Novice: 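The structure under discussion is supplied below as structure tokens; questions concerning it will follow.
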Amino acid sequence: SSALIISSRMSSTVKSVFPHFAAGPVVKGFGRGSKDLGIPTANFPESVVSRLPSSMDTGIYYGLAKVTDGPIYKMVMSVGWNPYYQNTKKSMETHIMHEFGDDFYDSWLRVVLLGYIRPETNFSSLDELILAIKEDISTAERELSGERFKSYWQHPFLERPVTEIQQEQHCAADAIINDGVVVSANERNGVRNGTTNDAGVITDDERLESSKTTTKKCSSSDAAPSDTQRSSNNCVTNGHGS
């Protein structure tokens, strides 16, 4: 299919962003996923979207998602401005390939982006857009059902309790998740954006090198600093493959 052709021709620059780990609360979006499309989406806050690597093209991605401490599901995500609706703000809209009984606003969503399907496209009708999204979902289902990404289903980023992820989100001294995006790695977490070896798990050599720069562990007293503290005290570097 055209989606697989695009995926197979993906530039090395785009490939370098995978896997991309992100986490944060689900916020209200445009309200179009369920109403107009019949395909509900979960949206990340602007703080998470703004930290996407510059080398990550806009378009449609696939990967895995987890809400709070629930099961892991396949997902497709639209990253960009959605030309059909002419959005003025960049967004990360995640369609989790599972039927939920209720909305889960304010719940914590964890995602791992693993592959790129196609660029953003404008459509002449809503029906064309819906058909394209359904094709994207089929592509994601096919790509994620093979052996290639099997190890991600047991990845520590998705397996650990959400409370640990939230604590690291707010610990400025030893941030693993900073404003919703994985920016560093240590022994417990073992993940870094743009690291594809061993399905995103940091190697022993990389973990050792990372531990040399990690001097303070996140304790309960470090949790949830103010925005000012988080900005001034952050001592980690961005781990994106940009």
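Quantities reported herein were computed from a predicted structural model and do not represent experimental measurements. For the numbers below, each heavy atom of this structure counts, side chains included, while hydrogens, waters and symmetry mates do not.
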Novice: What are the two closest non-hydrogen atoms of S91 and E93, and how far apart are they?
Specialist: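 Nearest heavy atoms, S91 then E93: OG-OE2, 3.1 Å.
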Novice: Could you tell me whether a side-chain N or O of K66 sits under 3.5 Å from a main-chain N or O of L158, the two making a donor and an acceptor?
Specialist: yes
Novice: Checking side-chain contact (heavy atoms from CB on, under 4.5 Å) for the pair S78/H95: CA distance, chi angles, key distance, verdict?
Specialist: CA-CA 8 Å; S78 172; H95 171 66; over 6 Å; no
Novice: Drop me the distance from L64's CG to I72's CD1, to the nearest 0.5 angstrom.
Specialist: 6.5 Å
Novice: About how many Å separate OG of S138 and CD1 of I117, when rounded to the nearest 0.5 Å?
Specialist: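 Spacing of CD1 (I117) from OG (S138) equals 9.5 Å.
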Novice: Under 4.5 Å between side-chain heavy atoms, counting indirect links through other Ile/Leu/Val/Met/Phe/Trp/Tyr residues: same cluster for V27 and M75 or not?
Specialist: no
Novice: For D102 and F104, what are the C-alpha separation, side-chain angles and deciding distance, and is it a side-chain contact (heavy atoms from CB on, under 4.5 Å)?
Specialist: CA-CA 6 Å; D102 300 297; F104 46 86; over 6 Å; no
Novice: Is it the case that the ring center of F100 lies less than 6.0 angstrom away from the ring center of Y73?
Specialist: yes
Novice: Locate the shortest heavy-atom distance separating S55 from V17; write the atom from each residue and the value.
Specialist: OG-CG1, 3.2 Å
Novice: Check the surroundings of atom NZ in K90: do more than 12 heavy atoms from other residues, nucleotides or ligands lie under 6.0 Å from it?
Specialist: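 More than 12 heavy atoms, drawn from other residues, nucleotides or ligands, come within 6.0 Å of this atom.
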Novice: Please tell me whether E128 and S124 have a donor and an acceptor in their side chains that are separated by less than 3.5 angstrom.
Specialist: yes
Novice: For a quick test of reading the model, state the closest non-hydrogen atom pair linking G63 to L144 and the distance between them.
Specialist: O-CD1, 3.1 Å
Novice: Quick check for you: to the nearest 0.5 Å, what is the distance between T68 atom OG1 and W108 atom CH2?
Specialist: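 The distance works out to 10.0 Å.
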Novice: So, D69 and R110, do they make that salt bridge, N to O below 4.0 Å?
Specialist: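 The answer is yes: the pair qualifies as a salt bridge.
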Novice: State, with a plain yes or no, whether a side-chain heavy atom of P19 is found less than 4.5 Å away from one of F21.
Specialist: yes
Novice: State the CG-CG distance between N122 and N82, to the nearest 0.5 angstrom.
Specialist: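 N122 CG to N82 CG: 8.5 Å, rounded to 0.5 Å.
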Novice: From K74 NZ over to S145 OG, what is the distance, rounded to the nearest 0.5 angstrom?
Specialist: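 It comes to 3.0 Å.
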Novice: Tell me if a side-chain donor or acceptor on Y62 pairs with a main-chain N or O of M77 at a distance below 3.5 Å.
Specialist: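 Here the side-chain-to-backbone pair does not exist.
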Novice: Do any N or O atoms from the side chain of Y116 and from the backbone of T58 form a donor-acceptor pair under 3.5 angstrom?
Specialist: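 Confirmed, Y116 side chain pairs with T58 backbone.
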Novice: When the ring centroid of H20 is compared with that of Y61, is the distance short of 6.0 Å?
Specialist: no
Novice: For P45 and P25, work out which heavy atoms get closest and say how close.
Specialist: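 Distance-wise, the nearest heavy atoms are CD-O, 3.2 Å.
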Novice: Any side-chain heavy atom of M56 within less than 4.5 Å of one from P53?
Specialist: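 Answer yes - side chains close enough.
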Novice: Between L114 and F18, is the side-chain contact (heavy atoms from CB on, under 4.5 Å) condition met? List the steps.
Specialist: CA-CA 6 Å; L114 298 171; F18 298 125; 5.6 Å; no
Novice: Is the backbone of W81 close enough, under 3.5 Å, to the side chain of E120 for a donor and an acceptor to pair up by distance?
Specialist: yes
Novice: Between V162 and W153, is there a shared hydrophobic cluster once you connect ILVMFWY residues whose side-chain heavy atoms come closer than 4.5 Å?
Specialist: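 As far as the 4.5 Å side-chain criterion goes, W153 and V162 are connected within one cluster.
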Novice: Looking at F44 and A22, what are the two nearest heavy atoms and their distance?
Specialist: CZ-O, 4.2 Å
Novice: Angle class for the H155/Y152 ring planes (parallel below 30°, perpendicular above 60°, tilted otherwise)?
Specialist: parallel
Novice: When you group the ILVMFWY residues by side-chain heavy-atom contacts below 4.5 Å and let the links chain together, are L131 and Y84 in the same group?
Specialist: no
Novice: Working to the nearest 0.5 angstrom, can you tell me the gap between D57 CG and L52 CG?
Specialist: 11.5 Å
Novice: Do I60 and D136 have side chains that get closer than 4.5 Å, going by heavy atoms?
Specialist: yes
Novice: Looking only at side-chain N and O atoms, does E135 offer a donor or acceptor that is under 3.5 Å from a partner on T139?
Specialist: no
Novice: Go through N43 and V26 one step at a time and tell me if the side-chain contact (heavy atoms from CB on, under 4.5 Å) criterion holds.
Specialist: CA-CA 5 Å; N43 293 264; V26 176; 5.7 Å; no
